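To start, the structure itself, in structure tokens.
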Amino acid sequence: MERILIMIMTGMLLLSACSDENSEETFFLQGAWTLRHVEYPIGTEYDYPQDGTTFCRIYDRDSTLYECHLSETQTGLVIVPHFTAGIVFADHGDRLMYLEDEDPRPLTIKNDSTIVIQRNGVRYTWQRAREIGEQWGNDIRDITRAELQGSADGILHHYVLSIREEEQENVIHWFTWFSIVIIIMVLAIARIAVNYRREKQRLMLQLRQIHEVQENRPQAIRHAMETVEGEFFASDDYQSLVRRIASGQRLREEEWDGIEELTRRVWPGFSSQLRSLYPMSELEYQVSMLIRLRIPPTDIAAVLVREASTISTVRSRLYKKVFGKKGGAKEWDEFILSIGI
């Protein structure tokens, strides 16, 4: 038993060690670095100022480096492309492998922001330059690459990276995107306005057609409609429905289907005309249908389990949505009682 416990503890320790080793963060050269200190074998040393003239390297994806001579000024940077090289860098935890164009050079990582590269006995201390990398890294890389590839006369030119020009480019970039957003918003609003106008024109046309049908209806048809309505309101089915609604009990779904069928029998065009005017909710449609059946608003509120004020608001809101102007609940009721044939 004791041997088994020892074996288990040993295994756990090995797993912990492997986990710690795998959890170590891999070091990356990618980004901008500036030369800050040079130490020669004979003991001579030189420090580059934090703000001034030095060398700058841009490591691109830990596979290529671009080096330039850099001078920092209050208005920007002055760079002179120096050289570019392919690199191989591998962080194996206990040892590092670093080559520039297949030339191995010892590399020491002091911390995340400081490295030392040795060449021919000279030690070069480089520090991360995050601000330069974020602000100018792409420009330095592109200029150095283009200059060294296209320079046929061997003369390296100076390039000025102006803070003012970059700010102007940022302003132009921001303004361009802002203008695009504004244009999109204007087009969207214009489209909504056009669609709204078309919808209102369609609605007005339907209302005009309904009005023309009512105005041009022959007297014989009007008399027949009044007769059908009178017989319906005097029928046992209608009286039974009124009593059922007046009781205030909620109606089942099949009962609502029955009410709609009764409405269709007396006013065949009511449902289609009403639904074509506006995409109503179920509550709005039920309120309108009960109004057409001449059910008092108080009974409508009871059977739909709503406040009387809510039923009044639904009717006045429907009038405004359909006609595009303010109106009361009574105006909506008058309109509902006029459609159906």
Side-chain angles (χ1 to χ4, degrees), residues 192-193 195-235 237-239 241-242 244-246 248 251 255-341:
I192 292 172
N195 291 339
Y196 177 78
R197 183 178 178 181
R198 289 176 179 173
E199 181 61 23
K200 293 302 294 182
Q201 290 175 345
R202 181 195 64 80
L203 181 59
M204 290 300 104
L205 177 61
Q206 288 182 324
L207 290 173
R208 186 163 59 250
Q209 290 173 346
I210 293 173
H211 180 72
E212 289 176 354
V213 169
Q214 294 169 350
E215 290 293 324
N216 299 328
R217 186 176 295 143
Q219 184 64 32
I221 294 179
R222 291 185 183 182
H223 180 71
M225 289 175 55
E226 292 173 359
T227 301
V228 171
E229 286 185 355
E231 292 176 353
F232 169 70
F233 289 129
S235 66
D237 288 340
Y238 178 73
Q239 295 301 324
L241 174 63
V242 170
R244 179 77 173 85
I245 293 176
L251 300 178
E255 290 179 298
W256 280 110
D257 293 338
I259 292 174
E260 189 167 9
E261 182 59 30
L262 281 175
T263 307
R264 244 190 235 109
R265 273 192 237 158
V266 184
W267 305 283
F270 175 78
S271 179
S272 59
Q273 289 178 0
L274 187 62
R275 289 189 181 277
S276 66
L277 293 175
Y278 174 75
M280 294 184 178
S281 67
E282 193 63 23
L283 173 63
E284 292 171 334
Y285 179 71
Q286 289 175 349
V287 169
S288 299
M289 185 166 54
L290 293 177
I291 290 295
R292 191 66 180 93
L293 290 169
R294 298 182 183 178
I295 303 299
T298 52
D299 290 346
I300 294 176
V303 76
L304 294 177
V305 194
R306 297 288 197 282
E307 296 289 338
S309 58
T310 301
I311 301 303
S312 178
T313 300
V314 168
R315 291 144 64 206
S316 58
R317 185 175 61 218
L318 279 169
Y319 185 88
K320 182 177 181 181
K321 288 179 178 179
V322 170
F323 290 93
K325 58 183 179 180
K326 288 185 178 180
K330 289 184 178 180
E331 283 82 358
W332 179 251
D333 295 351
E334 291 173 0
F335 170 70
I336 288 297
L337 292 173
S338 69
I339 65 176
I341 298 298

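Nothing here was measured: the structure is a model prediction, and the numbers come from that model.
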Do L318 and S288 make a side-chain contact, defined as non-hydrogen atoms from C-beta onward lying under 4.5 Å apart? yes
Applying ring-ring contact (aromatic ring centres under 6.0 Å, His included) to Y285 and not counting sequence neighbours gives none
Any idea which heavy atoms bring I295 and I300 closest together, and the distance? O-CD1, 3.5 Å
Taking the side chain as everything from C-beta on, heavy atoms only, tell me whether P297 gets closer than 4.5 Å to R315. yes
Whether the side chain of Q273 engages the backbone of F270 through a donor-acceptor N/O pair (distance < 3.5 Å, no angle test) should be reported. no
Salt-bridged, E255 to R244, with N to O below 4.0 Å? yes
Go through M289 and W267 one step at a time and tell me if the side chain to side chain contact (heavy atoms under 4.5 Å, CB included) criterion holds. CA-CA 11 Å; M289 185 166 54; W267 305 283; over 6 Å; no
If the plane angle is over 60° it's perpendicular, under 30° parallel, otherwise tilted; pick one for W332 and Y319. perpendicular
Measuring only between side-chain heavy atoms, which start at C-beta, is W256 closer than 4.5 Å to E282? no
Who pairs with E284 by salt bridge (charged side-chain N to carboxylate O under 4.0 Å, His left out), at least two apart in sequence or on another chain? R317, K321
side-chain hydrogen bond (donor to acceptor under 3.5 Å, both in side chains) partners of residues 296-313, not counting sequence neighbours, each pair once: none
Output the distance between atom OG (S316) and atom NZ (K326), rounded to the nearest 0.5 Å. 10.5 Å
Under the criterion side chain to side chain contact (heavy atoms under 4.5 Å, CB included), I'd like the reasoning laid out for L241 against D237: C-alpha separation, chi angles, the key distance, then a yes or no. CA-CA 6 Å; L241 174 63; D237 288 340; over 6 Å; no
Measure the shortest side-chain to side-chain distance between L337 and R294 over non-hydrogen atoms and say whether it is less than 4.5 angstrom. yes
Separation between CD of Q286 and CD1 of I311, rounded to the nearest 0.5 Å: 9.5 Å
Side-chain contact test, heavy atoms from C-beta onward, threshold under 4.5 Å: evaluate it for I336 versus L274 and give yes or no. yes
Who passes side chain to side chain contact (heavy atoms under 4.5 Å, CB included) against R264, sequence neighbours left out? E260, E261
How close do F233 and Q239 get, heavy atom to heavy atom, and via which atoms? O-NE2, 2.8 Å
Nearest-0.5 Å distance that lies between atom CZ in F335 and atom CZ in R292: 10.5 Å
Using side-chain hydrogen bond (donor to acceptor under 3.5 Å, both in side chains) as the criterion, list what pairs up with E334, not counting sequence neighbours. none
Those residues at least two apart in sequence (or on a different chain) that pass side-chain hydrogen bond (donor to acceptor under 3.5 Å, both in side chains) with R265 are none
